[in-house]
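Report on one structure; see the data block that follows.
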Amino acid sequence: MATRIGALSIKELEDSFVPVLQSRINMIELKKIHAQVVKYSLSQSNFLVTKMVDVCNNGGDLEYASLLFKQVNEPNVFLYNAMIRASTNNHMYGLAISLYKRMLRDSQAENPILPDKFTLPFVIKSCAALACPFLAKQVHAHMYKFGLMSHSITENALLDMYTKCDYLNEAHKMFEEMNLRDVIAWNNLISGCAGMGQMKKARTLFDKMPYKSIVSWTAMISGYTHIGSYAEALDVFRQMQMVGIEPDEISIVSVLPACAQLGALELGKWIHMYCDKNRLLRKTCISNALIEMYMKCGCINQASQLFEQMLERDVISWSTMIGGLANHGKAQKAIQLFHEMQRAKVQPNDITFIGLLSACAHAGFWNEGLMYFDSMKKDYHIQPKIQHYGCLVDLLGRSGCLDQALNIIKKMPMNADSKIWGSLLSSCRTYSNLEIAVIAMEHLQELEPEDTGNYVLLSNIYADIGKWKDVSRLRKIIRGKSTKKTPGCSLIEVNNEVQEFVAGDDTKPFSEDIFWLLELLALHQDRTRDVLDIMPEDTGE
DNA sequence: GTAGGGTTAG
């Protein structure tokens, strides 16, 4: 006869908790239910604790889940699975793996707790997140040991893990041997190749695959964007629509950075309208990506407008605006926005500070820049990265504090890269400081010996101070350099076509007009702002 | 109950 508490059997009592545990409850409600469970002496119930751990999984409260788990003396496979799943979903990957190990260890002959098809996918996902292929190989072996070898979800998790851990050969081998090569398997391999910068391999697979889902298309778009092949990314996006697949949130967020980099304003505007029509603007990430696109295309007003209209602004929204304003020389506004961000109680991150510091550097606000740099460490506990030191060197250099800038380079915890020495060198040119320029050049010679731009800068400094012998010495070196520096270029879209501009290019049909305008701008340097102010901002014309 | 695509950066 079943044990009875009052009028109900244990099974009936357990079942009475199910409806409320399966409804969407928060952690506060869960704790009340937990109290009831304890009151009825059911805290050893694997069935109920599993359901409660699931609630913690959704609520992101893994501490409470662990507490529930620890109280159970003999957890079964369902409870282990729930704990491993919750740990993985809440980014506690190490915990997920140690739970799995404990599960295997605790398994006894008379009372075995064997992993099942719901266990391994999460364990493997945790291995992937920890970039621990060695561990995952063991799990791969367990797949055979526990008779789970042709379970496609476990197989796909392994495939994903191998590609993410850069074990592409293993991944290919596995893919070839798979019984069921579904669209997810193809996508795993494609996104793995794309993530490793192996876009040619990804393309071959993509062209070969029998059925393409929106995930396949998006993996290609983001892969191309990742390696800087922006035109290809737009191309794939267009083709996707041609075969009748409607863009969704993720594919749009993936393609917009390519529009931004190419200055493809017309497509960007079309996507904006599409999002408006499909109620996607309410998604924070979509608005963020659109703001970035408008900023990169020079449409500050459009970007600001979208930002104003947002329902919720996250750290990316603020950082994108601050960085965008900084790039357009609107330092005051960038700083103002940073203060608004503080008032809105959004925590800035390292990227926010790159925007803020570069705004200060370009505006010559060196006092403020130094203050924000200190505040970043002190108030926000953000460890400065090399880019932050770069901003600082730029800031001090542009303000003429070349000794201080050099001091920063000497004292910073990492080695300065060529960008930092280059920035210092160009500040030396501005202030005709030969002594520090020579130091910067010594490092640049090692870091990028073939870059002629640095030699040109140094020779200009010699020329500025009348050391003509040194000028001709450097000219000789420059002529002797075989490889040329890749010229920088900028892109804008005119009438639906992307135009590329390279310094000194006079092959365009409208080159004459461009050079004429540039000359005009140079002639009226002090009035440049007036000229720019009368130019249209938001049109591609 | 389990798997695949995404955003800010001198």
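Below, chain A is the first sequence line, B the second, and so on; all start at residue 1.
- We find that A:R85 and A:D54 are joined by a salt bridge, their nearest charged nitrogen and carboxylate oxygen being less than 4.0 Å apart.
- Regarding A:L280, its CG atom lies at a distance of 18 Å from the P atom of B:dG6, rounded to whole Å.
- In the interface, the side chain of A:N188 is not paired with the base of B:dG4 through any donor and acceptor atom under 3.5 Å apart.
- Here B:dT7 is the nucleotide among B:dG4, B:dT2, B:dT7 with the atom lying nearest to any side-chain atom of A:I316.
- If you take CZ of A:R313 and P of B:dT7, they are 23 Å apart, rounded to a whole angstrom.
- Counting any heavy atom pair closer than 4.0 Å across all strands shown, A:D182 reaches a base atom.
- As judged by a 4.0 angstrom heavy-atom cut-off over every strand, A:D116 is placed among residues making no nucleic acid contact.
- In the set B:dG10, B:dG4, B:dT7, the nucleotide with an atom closest to the side chain of A:D160 is B:dG4.
- For A:E249 and B:dG4, the CD to P distance is 17 Å, given to the nearest whole Å.
- Both the sub-6.0 Å distance and the 45° axial angle are not jointly satisfied by A:K377 relative to the ring of A:F373.
- For the pair A:K296 and B:dA9, the criterion of a side-chain N or O lying under 4.0 Å from OP1 or OP2 is met.
- Between the base of B:dG1 and the side chain of A:D54 there is no donor-acceptor pair shorter than 3.5 Å.
- For the pair A:T88 (side chain) and A:I84 (backbone), a donor-acceptor distance under 3.5 Å is present.
- Within 4.0 Å (heavy atoms only), A:I322 reaches no atom of the nucleic acid at all.
- Residue A:F122 is in sugar-phosphate contact alone, with no base atom involved, counting any heavy-atom pair closer than 4.0 Å across all strands shown.
- At a threshold of 4.0 angstrom between heavy atoms, the contacts of A:T284 with the nucleic acid are absent.
- Using a 4.0 Å heavy-atom criterion, one finds that A:T320 contacts the sugar-phosphate atoms exclusively.
- Each of B:dG6, B:dG5, B:dA9 was ranked by its minimum atom distance to the side chain of A:S191; first place goes to B:dG5.
- Residues A:F206 and A:W217 place their aromatic rings such that the two centres sit under 6.0 Å apart.
- We find that NZ of A:K125 is positioned 13 Å from C1' of B:dG5, with the value rounded to whole Å.
- A:M174 places its CE atom 16 Å from the P atom of B:dA3, with the value rounded to the nearest Å.
- Backbone-only engagement by A:E292 is indicated by non-hydrogen atom pairs under 4.0 Å involving sugar-phosphate atoms exclusively.
- Which of B:dG5, B:dG4, B:dG10 sits closest to the side chain of A:C391 comes down to B:dG10.
- Between A:R203 and A:E232 no salt bridge is recorded (no basic side-chain N to carboxylate O distance below 4.0 Å).
- Spacing between atom CZ of A:F353 and atom P of B:dG10 amounts to 16 Å, rounded to whole angstrom units.
- One atom, CD1 of A:I271, and another, P of B:dT7, lie 14 Å apart when rounded to the nearest Å.
- Aromatic stacking of A:F118 on B:dG1: satisfied, with centres closer than 5.5 Å and planes within an angle under 30 degrees.
- In this structure, A:I351 atom CD1 and B:dA9 atom P are separated by 7 Å, rounded to whole Å.
- Not a single donor-acceptor contact under 3.5 angstrom links the side-chain atoms of A:S216 to the base of B:dG4.
- Of the N and O atoms on the side chains of A:D248 and A:S251, at least one donor lies less than 3.5 Å from an acceptor on the other residue.
- Residue-level contact check: A:D350 touches neither bases nor backbone, having no heavy atom under 4.0 Å from any strand.
- When the side-chain nitrogen and oxygen atoms of A:S222 are compared with OP1 and OP2 of B:dG6, one or more of them lie within a distance under 4.0 Å.
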